[in-house]
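Shown next, in structure tokens, is the structure this report addresses.
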Amino acid sequence: MKRPLGAQISHMLKSRGVKVIFGIPGVHNQEMYRGIEEAGLTHVLARHEQGAGFMADGYARATGQPGVAYVITGPGLCNIMTPMGQAYSDSVPMLVISSCLNRADLGMGRGRLHEMKDQEVAAGAVADWSLTAMDAQSAYQLIDRALTEFHTDRARTKHMQVPIEVLEAVAADAPPPMTLVGGDAVQPDVVDVVFDAVAGAKAPLFVFGGGARGSSAVWREVVQAAGAASFVTYAGRGVIAPGGLHFGSMLARPGSVDVIAKADVVVAVGTELSETDLWRDSLGHDGVLIRVDRDPAELNDTAGQIRVAADAGQIAKALWQRRDAFTGQTDWTEASVAKTHARWRAEIDAERPGILPVADALRAALPDDTMIYSDMTQFAYAAKEIWPMDRPGHWHHPTGFGTLGYALPAAIGGKIGVGDKPVIAIAGDYGFQYTLQELMVAVELELTLPIILWDNGKLGEIEDSMVRAQIAPNAVIQKNPDFVKLAEAYGAAAAHPKTLAEMQVAVKAALSHKGPTLIYVQSDIAL
């Protein structure tokens, strides 16, 4: 069947397994909306393109499937570039499809509506690639390229744009879906190097990032068989179960340098060991460092005496097959790990007083399988270090790009993705106001979504940073609205608990309420 290309794109996405589109229609991308309903796709209407992007990000993190967004030329693309940068930095599969000016107008500076000098280049600054489809065949090829690379390479934001006249032109159907075939297994000699290093170590240590999430169950058995200790980055939380020889997500604690220095072999799996993982210049190891990553460019950019370009799951399976050859006898002890963990928790409690009791109370009120989306807020900074996670991919935070306003729209996307499973958002009083308009989407869709709003009345983290730098705190105090009335004005339920017990009651009620509930928690809540 022949249809305008804008409609064919939706049909093609549906044939490739896409179920949901996030976006906002406009005169420049309305052709992309021609085929949405006919194709059987669900469209979620955001209140701002930034919200659409964060929803697509949250959906992708929750489901493992690509998050797809439709936006218009110019300002629409500019508005979604912040979420694109977040998804890029955190290895989230997001495909953004935008319109662009007609082919004769690209780069001409004719004062057209929504004109940019070069929006392909602009989007390319926050995406793995940004390319223009000048005809239907090119559009189909770019979509398949993006979806294929999400499976075969490191998942990162892709952007494709299509001129308005090309979207409007009649086109034949897209080709049938391709069959993806997995890559080759890791060569035995490569496995030998990793196995021999770990098996021969007196104090082996693993560090897991988000790239190891898909092979968590296998890695747990490998680490236990090897008698190894372990850390996880924030993105890798839940890869290893709490307790035992696991130090948790406290890799950024200053004292972790002393622990890591005791390891004679460190195996870093699926992690960049970036600034936002460590908050220092180096890991702190004295022994051998083995890097395992599917991104060869990443391996070449960072230190590591042994570099293994492979998927984390492939290495995990190969080591698991040799697990009986590990002795399991190492210098690590559960008692010393527990003692260190307790000391670091006390440090966090002293650094950010009053937060940990609230986090503990919140965790006690939530089902074990709750998926959490947090924003850039002190509550999240403290909680994600001490909150034990027994499964991966259930706490999502804007770690790399580090943008405010992430939690609410991302949680909306996540809730759409997981359906009846529990999802909550955790936001600070300042960051919440970046994207609070998306609350209307949750109301409109009647999403059961508790929103924990932590209010300390200021940009607390920035104030602390200024004080440490001996700068008189400036522009860190803001006047806030009445958040409870604001939520109610949107049609959401709201609660303002004065004690931790009241907070727990409010959270449990919100988990059974049809629609979102804003739970307003002030930093002086009675413990």
| request: Output yes when K158 and D153 qualify as a salt bridge under the 4.0 Å nitrogen-oxygen rule, no when they do not. | output: no
| query | Does some side-chain heavy atom of Y406 sit less than 4.5 Å from a side-chain heavy atom of F401? | reply | no
| request: State which residue, out of L453, I426, D455, fulfils the side-chain contact (heavy atoms from CB on, under 4.5 Å) condition with F432. | output: L453
| Hey, do the aromatic rings of F326 and F195 have their centres closer than 6.0 Å? | yes
| Yes or no on side chain to side chain contact (heavy atoms under 4.5 Å, CB included) for H159 and S98, after CA distance, side-chain angles and deciding distance? | CA-CA 8 Å; H159 167 248; S98 75; 2.9 Å; yes
| Note, V218 side chain near L319 side chain (heavy atom, < 4.5 Å) | no
| message | Atom OH of residue position Y430 - does it have more than 12 heavy atoms of other residues, nucleotides or ligands inside 6.0 Å? | response | no
| task | Return the minimal non-hydrogen interatomic distance between A226 and T330, and the atom names on each side. | result | O-CG2, 3.4 Å
| said: side chain to side chain contact (heavy atoms under 4.5 Å, CB included), that's the test. Do F379 and V521 meet it? Break it down for me. | reply: CA-CA 11 Å; F379 185 92; V521 180; over 6 Å; no
| Pair R307 + D293, salt bridge at N-O below 4.0 Å | no
| query | Are Y434 and D375 linked by a side-chain donor-acceptor pair shorter than 3.5 Å? | reply | no
| request: Can you see which heavy atom on M376 is nearest to which on T403, and at what distance? | output: CG-O, 3.5 Å
| Looking at G417 and T63, what are the two nearest heavy atoms and their distance? | CA-CG2, 3.5 Å
| field | Exercise: do S91 and R294 side chains pair donor with acceptor under 3.5 Å | value | no
| How are the rings of F231 and F247 set relative to one another: parallel (under 30°), tilted (30 to 60°) or perpendicular (over 60°)? | parallel
| field | Criterion side-chain hydrogen bond (donor to acceptor under 3.5 Å, both in side chains) against D90, the qualifying member of R61, H396, R156 | value | R61
| task | Answer yes or no for R253 and W344: cation-pi contact, defined as NZ/CZ to six-membered ring centre under 6.0 Å and angle to ring axis within 45°. | result | no
| task | Take I290 and V193 through the test side chain to side chain contact (heavy atoms under 4.5 Å, CB included) and record every step on the way to the result. | result | CA-CA 9 Å; I290 301 174; V193 171; 5.5 Å; no
